[in-house]
Amino acid sequence: MPTLSDLGQLPKRLVLGRPVRSDRLGESLLPKRLALPIFASDPLSSVAYATQEILIVLTLAGTAFLYLAPWLALAVVLLLVTVVLSYRQVVRAYPSGGGDYEVAMKNHGQFAGLTVASALLVDYVLTVAVSVAAGTDNIISAFPDLDQHRVAIAVGLVALLAAANLRGLRESGRTFAVPTYLFVSGILVMVGTGLLRQFLGDDITAESAGYSITPEPGFEQLTGVALLFFVFRAFASGCTALTGVEAIANGVPAFKPPKGRNAATTLALMGGIAAVMFSGVTAVALFADVRYAEHPCDLVGFTACETEPQRTVIAQIAAAVFGGPTSPGFFYIQAATALVLILAANTAFNGFPLLGSVLAQDRFLPRQLHTRGDKLVYSNGILLLAGFAALLIAAFGADVNRLIQMYIVGVFTSFSIGQWGMVRHWNRELRSGTDPQARARIRRSQAINAVGGSLTTVVLLIIVVTKFTRGAWLVLLVMPVLFLLMKAINRHYSHVAEQLVPDTDSRLLPSKVHAVVLVSKVHKPTLRALAFARATRPDHLTALTVNVDDAETRALQQQWERYDIPVPLTVLESPYREITRPVVDFVKGIRRVSPRELVVVFVPQYVVGHWWENVLHNQSALRLRARLQFQPGVMITTVPWQLESSIGRDDDGRGAGPAPGDLRRGITDPSEATPYG
């Protein structure tokens, strides 16, 4: 018959499968072919909305400034290449998985390290929210009737992603590898086909090509500083193509050896593929005269703007290249794009828990984030990320245009601080190195990081200035809150560690031991507790009960004498029928008379096997333990008595042993059931 523990484990086993032994951790490490879709799905999938974000900003001024799109795309590609080259230096120098956080902490100090950590934690949450919302957008582009269920679809997809990641790295790698490669191949085929048709004279035309766009008020005539600000804003929006690049640096421990070299190779592959795809999508979108506006009704000619969502840029390109929105090619691109955008959140589902583990190890986050779960992944980090992302999606209605305004502030904060930290790292290496060839390599790496740091710092300033009033202010508010929270957690752990350092008093034996056994009735649990207390040979032994009903107390005293129990029964009066206060006052009195005397309180309890049995037993002992644990010099010892329902049995009638990890997970908490009181 299944026990309470077995039934409680059933949903968990259905989601996660069987636990994995700790000594199989090496088997969960990733080869490059799986690491690429796991850690690079975010930057690869960002081509689905990076071009769109550039067009949204440029079309605020109508169509007059669309000629800037190729130059903005070129600037984004150059920045991407620079950042990828910079991170290749990071993964080789710091293969432990701390990424920008570790670089900042070791080269700039705690303030910079926690600034990077807070930026990355916020941005990982936004990565999940934006990627899933963008994926939902592409689903709705193929099936517009689903628009009214946008939030429910997005939140459900976050839950599915969390479940897939909780099953383990290799399992999620296999899950995500195929869609990522299908997306990459589909986009490359679409871009290649579109460019070939264009150069052969078979012009491709988007469904929105005939629409004109009404400029937003104030954008009709842009010159001077206003034009420069406008260009910078469009460039900042296009920089969403760089999101997720840092995840590989944070995930180096998940690679197979040689970890640093494999991570650097994966970075290079990711950068090359992303640059080609982003450039190609932008080129085809301009050839097809795609029109996309922040507000659909700004598209003059889009008569159904009030009732139908506008198709995404990727959807319009696919329809133009493959022969319309009913062609097989269109549905292939939409399915692959939606799937990879949803799965792109996997970058954050791997990066956030790994970073959380490093921060927990350094005592800046709760230690639970450093514990691996049943499948050797950081389960608590995965659940925490999924919860925050779902809340964000619900709060912003799964609207990509609103969510993306908060995006990439954290990414470029960590980029900038990390790259300047690497410059300092190479300075130290130069001071200690004497080999000419090694010094030449160091100087080359330092130059790469210096260029990367300069560019990312400039871009960060552009992003903050151009996006501040559109949502970036919220990120800039949350980051200091996280920073202060991590500082507070670190102070708490440090204070606790100071208190726990052994001293002379902690080595002294107590002058006496006074055992107190709580008694409600004369039955097996009470007699076992008394026997156990006597076996410890205390200096004093008190059997203690509280009189809340005179008749019951007299009956208890009669039973005590009838069973000839060799311990006097002490009765505490309680005119207000309280149990907890008289017991606590009694224990305090012992300590007051003899401060060096150790008081051990023995609490008999039932252990039950069904959840409903807990409801049927009084919880007085739970309250007693909660109060007594705050009394110095007092120990609480629970003496369990297992009822038949709590004893799991197999087909042969023998007791079933605990499941793997039961003790670690604390699956069963029988302390809520007790015969006392």
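Computed over heavy atoms, backbone and side chain alike; hydrogens, waters and symmetry mates excluded. Note that the structure is a prediction, hence the values are computed from the model and not measured.
With S416 contributing its side chain and T456 its backbone, the two residues share a donor-acceptor pair below 3.5 Å. Judged purely by atom type and a 3.5 angstrom limit, S131 has no side-chain atom pairing as donor or acceptor with the backbone of V128. With T193 contributing its side chain and M190 its backbone, the two residues share no donor-acceptor pair below 3.5 Å. Between the side chain of Q419 and the main chain of V451, no donor-acceptor pair closer than 3.5 Å is present. Checked by atom type and distance alone, the side chain of S141 never pairs as donor or acceptor with a backbone atom of A315 at under 3.5 Å.
Not a single salt bridge (Lys or Arg N to Asp or Glu O under 4.0 Å) links D399 to another residue, sequence neighbours left out. For the side chain to side chain donor-acceptor pair (under 3.5 Å) test, residues two or more places apart in sequence or in another chain that qualify with T282 are T51. Every residue meeting the salt bridge (Lys or Arg N to Asp or Glu O under 4.0 Å) condition with D137, not counting sequence neighbours, appears here in chain and number order: R150. With sequence neighbours left out, D145 forms a salt bridge (Lys or Arg N to Asp or Glu O under 4.0 Å) with no residue at all. Here R233 pairs with nothing under the salt bridge (Lys or Arg N to Asp or Glu O under 4.0 Å) rule; sequence neighbours left out.
Side-chain atoms of V475 and D123, non-hydrogen and from C-beta on, never get closer than 4.5 Å to each other. Using a 4.5 Å heavy-atom cutoff, the side chains of F232 and V459 are not in contact. Under the 4.5 Å side-chain criterion, counting only non-hydrogen atoms from C-beta, L44 is not in contact with V340. Proximity of I213 to V300: side-chain heavy atoms (C-beta onward) are nowhere separated by under 4.5 Å.
Among residues at least two apart or in separate chains, there is no salt bridge (charged side-chain N to carboxylate O under 4.0 Å, His left out) pair with a member in residues 53-67. Pairs of residues two or more places apart, or lying in two chains, never qualify as ring pair (Phe, Tyr, Trp, His ring centres under 6.0 Å) while including a residue from residues 387-406. Annotation: ring pair (Phe, Tyr, Trp, His ring centres under 6.0 Å) contacts involving residues 244-274, sequence neighbours excluded, comprise F39-F255. Pairs engaging residues 311-320 under the salt bridge (charged side-chain N to carboxylate O under 4.0 Å, His left out) rule: E207-R311 [sequence neighbours left out]. Note on residues 146-167: no pairs pass ring pair (Phe, Tyr, Trp, His ring centres under 6.0 Å), not counting sequence neighbours. Within the structure, side-chain hydrogen bond (donor to acceptor under 3.5 Å, both in side chains) pairs that include any residue of residues 326-342 comprise N138-Q334 (at least two apart or interchain). Screening residues 264-279 for side-chain hydrogen bond (donor to acceptor under 3.5 Å, both in side chains), with sequence neighbours left out, gives no hits.
To the nearest 0.5 Å, atoms OG1 (T312) and CD1 (I139) are separated by 11.5 Å. Rounding to the nearest 0.5 Å gives a distance of 13.5 Å between CG of D289 and OH of Y211. Residue L460 holds its CG atom at 11.0 Å from CZ of F415, rounded to the nearest 0.5 Å. Distance OH/Y181 to OG/S185: 11.0 Å, rounded to 0.5 Å. For the atom pair CD1 of I153 and CD of Q148, the computed distance is 9.5 Å after rounding to the nearest 0.5 Å. Annotation: the span from I382 atom CD1 to L161 atom CG amounts to 10.5 Å, rounded to 0.5 Å.
Across all non-hydrogen atoms, the minimal contact from L79 to C239 is CD2-SG, 3.8 Å.
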Just do the side-chain contact (heavy atoms from CB on, under 4.5 Å) check on S237 and K467 with the steps written out, would you?
CA-CA 9 Å; S237 294; K467 288 180 173 283; 3.8 Å; yes
Can you list the steps and then say if N449 with Q89 is a side-chain hydrogen bond (donor to acceptor under 3.5 Å, both in side chains)?
CA-CA 8 Å; N449 289 126; Q89 319 310 312; over 6 Å; no
Show the numbers, then the answer: is there a side-chain contact (heavy atoms from CB on, under 4.5 Å) between L55 and Q52?
CA-CA 5 Å; L55 295 181; Q52 179 172 296; 5.8 Å; no
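For the residue pair S208/Q316, the side-chain donor-acceptor check at 3.5 Å is satisfied. Checked by atom type, the side-chain pair S454/W420 shows no donor-acceptor distance below 3.5 Å.
The number of heavy-atom neighbours closer than 6.0 Å to CZ of R261, taken from other residues, nucleotides and ligands shown, is 12 or below.
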